[in-house]
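Before any comments, here is the structure.
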Protein chains: 2
Amino acid sequence: MMDDTDRRILALLAENARLSLKELAAATELSSPSVAERLRKLEERGVIDAFTIDVNPHQIGYSLQAIVRVRPLPGQLHIVERLIQEMPQCVECDKVTGDDCFIVRLYLRSMEELDTLLDGIAERAQTNTSLVKATPVKRRLPGLLP
Amino acid sequence: MMDDTDRRILALLAENARLSLKELAAATELSSPSVAERLRKLEERGVIDAFTIDVNPHQIGYSLQAIVRVRPLPGQLHIVERLIQEMPQCVECDKVTGDDCFIVRLYLRSMEELDTLLDGIAERAQTNTSLVKATPVKRRLPGLLP
DNA sequence: TATGAAATATTTTTAAC
DNA sequence: GTTAAAAATATTTCATA
């Protein structure tokens, strides 16, 4: 279903999603219409979920990043889930197995903002916060071997 | 430094990074050259880190997703960090405060692959694995208020 | 310093193979 | 999957607020 050329296109777009069809064509030794058609199919099949941007949180005022494990109290799961979804500081949330129910990534302007945010769910959930000190692996594609 | 128009451009590109200058210009009621100039500056200032794609892990063979907290044993921190970085299944890794040192997001083809991967660092680190059951918030921009 | 208009150059799309 | 022509778009230049 996906060949080496498709994988090459994905890897190129992961680095620069605004590459023109012409540039993609040159890199894959195909013609532009051919690349356009492959792109269309990759989107249609849902391999490419979205063309998007990575924004540097620091440059838009978010000086801190935290990963918070959230364990809702009995009966509070759905409310907590909704509260998390509505936090503008939440950029990612997964529902997971194990003692914790949610793992949330927050962008924060200050420690005070973190405190306020967690206070807002303190009555409904236990939380465990880790502050991000560094990012050894920035979001990237996984291996694309067949 | 960043005005409402810039924020609008960021929000539009977060949804579709391949929007043409013309489309961005229409949406912001600016001319194409004007949008091009703003884009150039957003990149130059590092507000936009990258134009990239979101790939659906299922469509490229990764049926499972796990978030693993990793706590290296004394003296093993740097080796463990390197081992994580070299895992093609690792799509994200943060170094954090607290008992755990690293929080890693893995894409996996099978449970067996998870087992093999964790066995590979078992002598150097304690790990705690959560399997992703759902994703209430998919990666998104944080609030962009000034 | 940021914008817009117009001209030019480039790219994308379409159609035929 | 390709080529080549038509259509759409991007870029450059320059004038302007």
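Letters A, B, ... are given to chains in the order of the sequence lines, protein chains preceding strands, and every chain is numbered from 1. Everything quoted here is computed from the prediction, not taken from an experiment.
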key: Axis deviation across the helix from C/dT1-D/dA17 to C/dC17-D/dG1, five-pair ends, to the nearest 10°   = 40°

ask   = Hey, is A/Arg105 close enough to B/Glu92 for a salt bridge, meaning N to O under 4.0 Å?
value = yes

message = Heavy atoms within less than 4.0 Å of DNA chain C: which residues of residues 18-29 of chain A have one? Give them sorted by number.
response = A/Ser20, A/Leu21, A/Lys22

query = Does any N or O in the side chain of A/Arg18 come within less than 3.5 Å of the main-chain N or O of B/Ala17, such that one atom is a donor and the other an acceptor?
reply = yes

Donor-acceptor pair, side chain of A/Ser63 and main chain of A/Arg109, under 3.5 angstrom = yes

request  = Output yes when a side-chain donor or acceptor of B/Gln76 lies under 3.5 Å from a complementary backbone atom of B/Ala125, and no otherwise.
outcome  = no

Passing option when B/Val68 is tested against B/Leu131, B/Ile121, B/Ile103, B/Leu106 for side chain to side chain contact (heavy atoms under 4.5 Å, CB included) = B/Leu106

inquiry  = Could you check whether any side-chain N or O of A/Thr52 sits under 3.5 Å from a backbone N or O of B/Ala14, counting only pairs where one atom can act as donor and the other as acceptor?
reply    = yes

remark   = What one should report as the nearest heavy-atom pair of A/Met87 and B/Arg140 is O-NH2, 2.9 Å

ask   = Is a side-chain N or O of A/Asp3 found less than 3.5 angstrom from the main chain of A/Thr5, in a donor-acceptor match?
value = yes

request  = Check whether more than 12 heavy atoms from other residues, nucleotides or ligands sit under 6.0 Å from atom NZ of A/Lys22, and answer yes or no.
outcome  = no

ask   = Counting distance only, does the side-chain N/O of B/Thr135 pair as donor-acceptor with the main-chain N or O of B/Lys138 below 3.5 Å?
value = no

inquiry  = For DNA chain D, which residues of residues 30-52 of chain B approach it to below 4.0 angstrom with any heavy atom?
reply    = B/Ser32, B/Pro33

